[in-house]
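Encoded as structure tokens, the structure appears first; notes follow it.
Order of appearance sets the numbers: ligands from 1, and atoms from 1 within every ligand.
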Amino acid sequence: MKKPLIGITSGVQPPDAAGVSYERYYASSAYVSSIERADGVPLVLPVSAANDIVKAHANIIDGLLLSGGVDVNPLVFGEEPQQKLREVCDARDWYELALIKEVMQQDKPVFGICRGIQVLNVACGGTLWQDIYTIRPEILKHRQESGARHGSHTIRVQSGTLMEKLFSDKTLVNSFHHQACNAIAPGFAATAWTADGIVEAIERQGAALTFGVQWHPEHMAASTQKMLELFVALVDAAKKRMEQSK
Ligand code: MN
């Protein structure tokens, strides 16, 4: 059987960042290796401002992986920017929002990671906390200083969900974010949380597999089988979708 093609969204590195005078699109190689390990064919997708290219991307892929990156512009979900908002990228927001809609219309599976869970939630009508540290003083440390292969906080999972199938309560995950899902999009449910109540996973109900996690499993997937299982879930759902469309 043909392996499913999994599109991986890319970030935009602005000119003059990192000592380079021109703009670049980039993706962490860990997303690519995780999809390969899960038996999918990774394909990094460049940002585009053209509707027909968004459609072409959605048409050729069998599943979508939304990668991590900069903040989502709050104007997209109807809020003015707060002081602690960091760098945003309007071109990437536009592309990913359009791509998510198109891919979901085609009933292809979607998996969002970090910024990816956030942009997925926004695309489907949810909102974000622009900066979780301004919500309550007792918010945990969600931007760890140890390496990405190491977990730093635990999650608890909702029973009867994909998260429960793959993880148990007290599973240790890594954490590199200052934004998080606030209002959960209609049709989705929060399915994992940290002890401070921050949402660490969402899942869509009664449709093609569509879910996101707030941590970075791609950096843990080489050493921890259950982190790889998230990517396997996406690739398996993409295989199923290919079978159905035959
Ligand atoms: Mn976290």
Open item on the list: Taking D71 first and then R115, would you say they form a salt bridge - that is, a charged N and a carboxylate O separated by under 4.0 Å?
Closed with: no
Task: Shortest-distance N, O or S atom of H153 relative to the Mn ion (ligand 1) - done: NE2
Task: Atom name of the N, O or S atom in E200 that lies nearest to the Mn ion (ligand 1) - done: OE2
Open item on the list: Pair M227, T171 - check side chain to side chain contact (heavy atoms under 4.5 Å, CB included), show working.
Closed with: CA-CA 10 Å; M227 293 299 168; T171 294; 4.2 Å; yes
Open item on the list: Please check: side-chain N/O of T161 versus main-chain N/O of S159, any donor-acceptor pairing under 3.5 Å?
Closed with: no
Task: Name, closest N/O/S atom of H142 to the Mn ion (ligand 1) - done: ND1
Task: the Mn ion (ligand 1) to nearest N/O/S of S175 less than 2.8 Å - done: yes
Task: Salt-bridge criterion met for K108 and D62 (N-O under 4.0 Å) - done: no
